[in-house]
Amino acid sequence: MPELPEVETVRRGLEGFVTGALIRDVEVRRDSCVRLTPGGADEFRGRLLGARIVGAARRGKFLWLPLGAEDALSAHLGMSGQFRVHAVPADAAPEPHPHCRARFTLEREGQELTLDFLDQRTFGYLHVEDLVPTPDSLPGGQGADLAAVPVSVAHIGRDALDPAVTPELAARLWRRGTRGIKQVLLDQTRVSGIGNIYADEALWLARIHPERPADALTARQARELFDAVRAVMERALAQGGTSFDALYVNVNGESGYFARDLEAYGRAGQPCARCGTPIVREVIGQRSTHWCPQCQRRPRRYAQRRGPVSR
DNA sequence: AGTAGCACCTGATTGC
DNA sequence: TGCAATCAGGTGCTAC
């Protein structure tokens with residue numbers, strides 16, 4: 001569920017809480033939340049005990065806590081993952097929530113802290129892995145944390161708020177292939193961080209039909225789409241992200257407020273804020289997709305591609 | 001190489 | 001009331 005603005009909200013919350021902390025204890029409450037680790041929960045715990053967290057980093061929706069320059073505690077929130085912080089020792093913290101998959105006891109400046117990883121749908125996961133330099137690392141970087149990424153993140157493209165991604169670069173990455181642009185926006189190997197909500201919102205803002213073939217986008221449309229992605233994400237970030245329910249909250253358990261500003265996502269049947277035409281919803285590429293049939297027209301010449309496929 | 005389809009889960013909501 | 005079907009913010013693997 002969480003997309004870039006939500007994951008960044010979590011990252012910021014973690015950064016202030018865990019930076020400089022020593023990992024004193026690791027309680028894995030559900031083994032399957034530890035993935036990509038041959039030795040499972042035991043290895044996970046073994047590599048973390050005594051390690052010091054030096055920051056909190058993110059690329060797209062992938063999050064990691066570097067343990068120095070060599071390795072990191074990596075996390076992906078999947079559809080429902082959360083981190084929750086308690087500035088008290090574990091024995092004074094609330095009983096773990098039924099969805100709590102792992103509990104960490106940290107020590108920082110002589111204080112014991114408790115960090116919980118919750119995940120209702122269990123698509124999220126944790127692991128410890130090496131940091132590797134990536135070919136597109138920013139020279140000089142934005143601090144040591146960004147000069148390298150975890151192995152599991154190396155195949156992910158730079159994200160939509162990364163200063164190294166220019167509108168021209170995004171246009172080049174997106175205007176390839178014949179799939180609809182909505183599906184291409186969700187492809188994390190191109191420009192990462194965009195999920196189902198912000199894809200629909202950005203396409204609405206840029207007035208582009210979600211099924212327009214990626215290679216039929218003009219360079220100008222692609223640049224406008226990138227501007228739209230950034231605008232939507234920056235506004236969402238300023239409001240702490242989008243919360244529909246308790247499945248997305250920040251590290252303090254608080255909701256984000258961007259849901260009230262959504263113009264397309266989840267608004268099927270309601271009037272478009274620009275023209276009043278009811279927003280439509282249709283499943284495209286197995287994802288629920290929302291758009292204004294008036295503002296986001298499918299050009300006739302491309303509409304033919306939707307016709308019956310001969311086989 | 002690029003793309004489509006499905007698998008991985010739990011829980012809330014909807015419909016019969 | 002009960003039960004089944006449907007839906008949900010994501011990723012990655014397999015097979016074409």
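Any value given below was found using the heavy atoms of this structure, including those in side chains, with hydrogens, waters and symmetry copies removed. So you know, we letter chains A, B, ... as the sequences are listed, proteins then strands, and number each from 1.
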If only side-chain N and O atoms of A:Ser80 are considered, is one of them under 4.0 Å from the OP1 or OP2 phosphate oxygen of C:dA8?
no

Counting only side-chain N and O atoms of A:His155, is one of them less than 4.0 Å from OP1 or OP2 of C:dT11? no

Tell me, with the steps shown, if A:Arg281 and A:Thr289 meet side-chain contact (heavy atoms from CB on, under 4.5 Å). CA-CA 5 Å; A:Arg281 172 189 175 278; A:Thr289 300; over 6 Å; no

Nearest-nucleotide check on DNA chain B, A:Arg176 vs A:Gln286; residue mapping nearer the 5' end is A:Arg176

A:Leu4 CG to C:dG9 C1', in whole Å, measures 13 Å

Notebook entry, point to check: Would you call A:Glu8 and A:Arg11 a salt bridge, using N to O less than 4.0 angstrom?
Noted result: yes

| request: Check whether any side-chain nitrogen or oxygen of A:Arg35 sits under 4.0 Å from OP1 or OP2 of B:dC9, and answer yes or no. | output: no

To the nearest angstrom, the CD-P distance between A:Glu3 and C:dG10 comes to 5 Å

message: Taking C:dT11 as the reference, what is the distance to B:dA12 when you measure between their P atoms (whole Å, please)?
response: 24 Å

Separation of B:dT13 atom C1' from A:Asp245 atom CG, nearest Å, is 12 Å

A:Glu211 atom CD is separated from B:dT3 atom P, nearest whole Å, by 15 Å

- Should A:Tyr198 be listed as having a side-chain N or O under 4.0 Å from OP1 or OP2 of C:dG9? no

Whole-Å distance, A:Leu36 CG to C:dT11 C1', equals 11 Å

The answer to which of A:Phe244 and A:Tyr125 contacts DNA chain C further toward the 5' end, by nearest nucleotide, is A:Phe244

- Task: Look at the side chain of A:Ser243 and the backbone N and O of A:Tyr248, then say whether any donor-acceptor pair between them is shorter than 3.5 Å.
- Result: yes

Side-chain N,O (A:Arg179) to OP1/OP2 (B:dA4) below 4.0 Å: yes

Picking from C:dA8, B:dA4, C:dG12, the nucleotide nearest the side-chain atoms of A:Met79 would be C:dA8

From CG of A:Asp119 across to P of C:dG9 the rounded distance in Å is 15 Å

Rounded to whole Å, the CG-C1' distance (A:Leu247 to C:dC7) equals 12 Å

- Contact class for A:Arg281 (heavy atom, under 4.0 Å): base, sugar-phosphate, or nothing? sugar-phosphate

inquiry  = Taking the P atom in each of B:dG11 and C:dT1, what is the distance between them to the nearest angstrom?
reply    = 22 Å

For A:Leu262 and A:Asp200: C-alpha separation, side-chain torsions, deciding distance, then whether side-chain contact (heavy atoms from CB on, under 4.5 Å) applies. CA-CA 9 Å; A:Leu262 295 176; A:Asp200 283 3; over 6 Å; no

Listed range with range, the stems formed with DNA chain C by at least 3 consecutive Watson-Crick or G-U pairs (under 3.5 Å) are B:2-8 with C:10-16, B:10-16 with C:2-8

From the list A:Phe258, A:Tyr198, A:Phe244, A:Trp204, ring pair (Phe, Tyr, Trp, His ring centres under 6.0 Å) partner of A:Tyr265 resolves to A:Phe244

query: When all nucleic acid strands are considered with a 4.0 Å heavy-atom cut-off, which category describes A:Ser32: base, sugar-phosphate, or nothing?
result: nothing

Of B:dG5, B:dG11, B:dT3, the nucleotide closest to the side chain of A:His99 is B:dG11

Worksheet item: Looking at A:Gln120, does any N or O in its side chain come under 4.0 Å of the phosphate oxygens OP1/OP2 on C:dA8?
Response: no

Which of C:dG9, B:dT3, B:dA4 is nearest the side chain of A:Arg287? It is C:dG9

* Any chance the side chains of A:Ser152 and A:Glu129 put a donor and an acceptor closer than 3.5 Å? -> yes

Notebook entry, point to check: When you compare B:dC6 with C:dT6, how far apart are their P atoms, in angstrom units rounded to a whole number?
Noted result: 14 Å

hydrophobic_cluster_shared for A:Val26 and A:Leu73, side chain cutoff 4.5 Å | yes

request  = Could you tell me whether A:Ser192 contacts a base, only the sugar-phosphate backbone, or nothing, with contacts defined as non-hydrogen atoms closer than 4.0 Å?
outcome  = nothing

Rounded to whole Å, the CD1-P distance (A:Ile156 to C:dG10) equals 13 Å

B:dC8 pyrimidine/purine six-ring stacking with A:Phe123, under 5.5 Å and 30°: yes

Exercise. Assess whether side-chain contact (heavy atoms from CB on, under 4.5 Å) is satisfied between A:Leu118 and A:Arg101, documenting all intermediate values.
Key: CA-CA 5 Å; A:Leu118 280 58; A:Arg101 308 308 185 196; over 6 Å; no

Sorted by chain and number, sequence neighbours left out, salt bridge (Lys or Arg N to Asp or Glu O under 4.0 Å) with A:Arg260 holds for none

Side-chain atoms of A:Gln188 come closest, of C:dT11, B:dG11, C:dA8, to C:dT11

query = Hey, is the side chain of A:Lys61 poking within less than 4.0 Å of OP1 or OP2 on C:dG9, counting only N and O atoms?
reply = no

Would one find a side-chain N or O of A:Arg121 under 4.0 angstrom from OP1 or OP2 of C:dG9? no

